[in-house]
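Whatever order the structure lists ligands and atoms in, that order sets their numbers, starting from 1.
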Amino acid sequence: MRKMTEIIQSHINGTNQASDGDYIEKHYPATGEVIAKVEIASDEVLNMAVAAASAAQKQWAQYSGQERGQILIKAALALRQANAELARLEVQDVGKVYSEAESGDVPSGADALEFFGAAIMTYGGIQHQWRDAIGYSRRVPLGVCAGIGAWNYPAQIALWKSAPALAMGNAFILKPSEMTPLVAMRIAAIMEDAGLPKGLLNIIHGDHRIGKAICEHAGIAKISLTGGVETGKKIMAQAASSLKRVTLELGGKAPLIICADADLDKAAEIAMSANFYTAGEVCSNATRVFVHRSIAKDLLELMVARTSSLKVGDPMAEDVDIGALISEAHLGKVMRMIQQGVDEGAHLACGGNRVHPQGFEGGYFIEPTILSACQDAMRVVREEIFGPVMSVLIFDDDHEAITRANATHFGLGAGLITKDLARAHRMSAQLEAGNVWVNSYNIIPPDLPFGGAKSSGFGRESSLYALEAYSDVKATYIALD
Ligand code: NAD
């Protein structure tokens, strides 16, 4: 772990750029210690980033898809070689357990780079023909695109946004969350060392103030946000002044429907991972677990027994299952939500306490928590908590489960556990969500689109749809007579 307080500056055109403005303290969530000071980029620094990105993009757009793809695939390989180092930085950023960062977040970023590097080599437009003319439409880059990130998956967010943008021939400016500034800096440096021309991936640090300036900057063509619903609304409004395109990856309150025919072992494993992975700080987590009445008692007993044995503590320790939450303030919010659930009549089946592991007494730890006997109207069931808190609800038939699962303004993910194939297809078509997982949860291969419906946002990350989102269509008509 870092011992000295590092100064984190914005990264522009391949070098770190000082800003004479204020700074934000970066805490290590597992100890609460300040490990870095993050300089808030000034408007001048943002202007420098846009100018560098704009100049680099003009050159980059001239490269063929194959040339760009080769560079991105080489960068993906360099990131894989640095996987352990990046995973350690991700732990310092987020406080999540190392094994998750090392096997999940960081490789999923390299996967994206590799996928888009390969995809761009064959990605193109459509040909048209008429009696006396031919035409073609082709995909063209937008110019300088920007990403604004949440704090829960900083490596993945950096690459899920920048990889399709860069593949398509754009330059990119990333503003990571002010709480997780570390890993993206290293990613940019590694990619540049691997051959990505300087100026194509710039990192700007700061909070909502520089975020707003990014949204309003006339030199930026598109914003992709990962964040909360209220932030999404603000960003859309801010981006309107310059008519920017917007992709919004927002919050969720996903349902997981566990049917009567589900295998209990498997159902418990999926429900727990869909609630406690990354200490529950996952936007698509299935925090409303609807269980068929006939299996509810047995499944709850199984989940309580297993959840109570999960170890909370040092994120770097191999035997730890659950790391820290991102901040003291967030921990307070999660604890208040649990109390609110109990006050509204939910039963605290397990967990619910703050934990102070030995040697990590100042960290932001909480026991994984199951609330049973929940009702749809409770606040814990309606609102996103973004912590390790599962709400268990009981249903009697499929129609009821679907109706209740869809009775939310969110629509990011949804899950279904059943052995009945026809039911799986029927119910997954009825669930109002951008992503539905059957007999699994939160699996997102790079070629599968990911994104929300309803208030969970619009636009897609991963897959060829992301290349669409970072490009425009240009049509050419050629008369032949
Ligand atoms: P947040 O909305 O508070 O902040 C997200 C980012 O937006 C940060 O970088 C922040 O500095 C910036 N920001 C805030 N206000 C801004 C403004 N007015 N203009 C420009 N930028 C602004 O979210 P968070 O607390 O960092 O992350 C948690 C939220 O993110 C949860 O709601 C979670 O569901 C959501 N999330 C969604 C996805 C997804 O893919 N759908 C993934 C991860 C997290």
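Gly227 O, 3.2 Å is the protein heavy atom nearest to atom 35 (C) of ligand 1. If you check which protein heavy atom lies closest to atom 12 (C) of ligand 1, you get Ile148 CG2, 3.6 Å. When hydrogens are left out, the protein atom nearest atom 16 (C) of ligand 1 is His208 CB, 3.4 Å; that is the closest non-hydrogen contact.
For Lys454, the NZ atom is densely surrounded, since the number of other residues' heavy atoms within 6.0 Å is greater than 12. Other residues, nucleotides and ligands contribute over 12 non-hydrogen atoms within 6.0 Å of the CD atom of Glu361. Sparse packing is recorded around CD of Gln375, with 12 or fewer heavy atoms of other residues, nucleotides or ligands lying under 6.0 Å away. The local environment of NZ in Lys333 is crowded, with over 12 non-hydrogen atoms from other residues, nucleotides or ligands closer than 6.0 Å. For Met236, the CE atom sits in a loose shell: 12 or fewer heavy atoms of surrounding residues, nucleotides or ligands are nearer than 6.0 Å.
In the vicinity of Leu250, heavy-atom distances shorter than 4.0 Å reach the ligand 1 atoms 34 (O), 37 (C), 38 (C), 39 (C), 41 (N). Listed by atom number, the atoms of ligand 1 under 4.0 Å from Asn152 heavy atoms are 43 (C), 44 (C). Within ligand 1, counting atoms from 1 as listed, the ones closer than 4.0 Å to a heavy atom of Lys175 are 8 (C), 9 (O), 10 (C), 11 (O). Listed by atom number, the atoms of ligand 1 under 4.0 Å from Lys212 heavy atoms are 19 (N), 20 (C). Taking a cut-off of under 4.0 Å to the non-hydrogen atoms of Asp207, the atoms of ligand 1 that pass are 11 (O). Listed by atom number, the atoms of ligand 1 under 4.0 Å from Ser177 heavy atoms are 9 (O). With ligand atoms numbered from 1 in the order given, ligand 1 contributes 8 (C), 9 (O), 10 (C), 11 (O) to contacts under 4.0 Å with heavy atoms of Glu178. Of all atoms in ligand 1, numbered sequentially from 1 with element shown, those under 4.0 Å from a heavy atom of Ile235 are 19 (N), 20 (C), 21 (N).
Ligand 1 has an N or O atom lying under 3.5 Å from an N or O atom of Gly228, backbone or side chain. At least one N or O atom of Gln238, backbone or side chain, sits closer than 3.5 Å to an N or O atom of ligand 1. Note: an N/O pair closer than 3.5 Å links Trp151 and ligand 1 by distance alone. Residue contacts with ligand 1: Gly211 is placed with no nitrogen or oxygen under 3.5 Å of a nitrogen or oxygen of the ligand (distance criterion only).
Centroid-to-centroid, the aromatic rings of Phe115 and Trp160 stay 6.0 Å apart or farther.
The closest approach between Gly149 and ligand 1 falls below 4.0 Å for a heavy atom of the residue. Residue contacts with ligand 1: Tyr153 is excluded, as none of its non-hydrogen atoms falls under 4.0 Å. Distances shorter than 4.0 angstrom do not occur between any heavy atom of Ile214 and any atom of ligand 1.
Note on ring orientation: taking the six-membered ring where Trp is involved, the planes of Trp437 and Phe450 are tilted (angle from 30° to 60°).
Checked by atom type, the side-chain pair Ser471/Tyr123 shows no donor-acceptor distance below 3.5 Å. Inspection of the Glu216 and Ser241 side chains reveals no N or O donor paired with an N or O acceptor under 3.5 Å. No hydrogens or angles considered: a donor-acceptor pair under 3.5 Å links the side chains of His217 and Asn47.
Between Arg80 and Glu114, at least one side-chain nitrogen of the basic residue sits less than 4.0 Å from a carboxylate oxygen of the acidic one, meeting the salt-bridge criterion.
A cation-pi arrangement is absent between Lys96 and Tyr277 under the rule of less than 6.0 angstrom and at most 45 degrees off the ring axis.
Contacts with ligand 1 closer than 4.0 Å are made by no heavy atom of Val229, backbone or side chain. Contacts between Glu384 and ligand 1, counted as non-hydrogen atom pairs separated by less than 4.0 Å, involve the side chain only.
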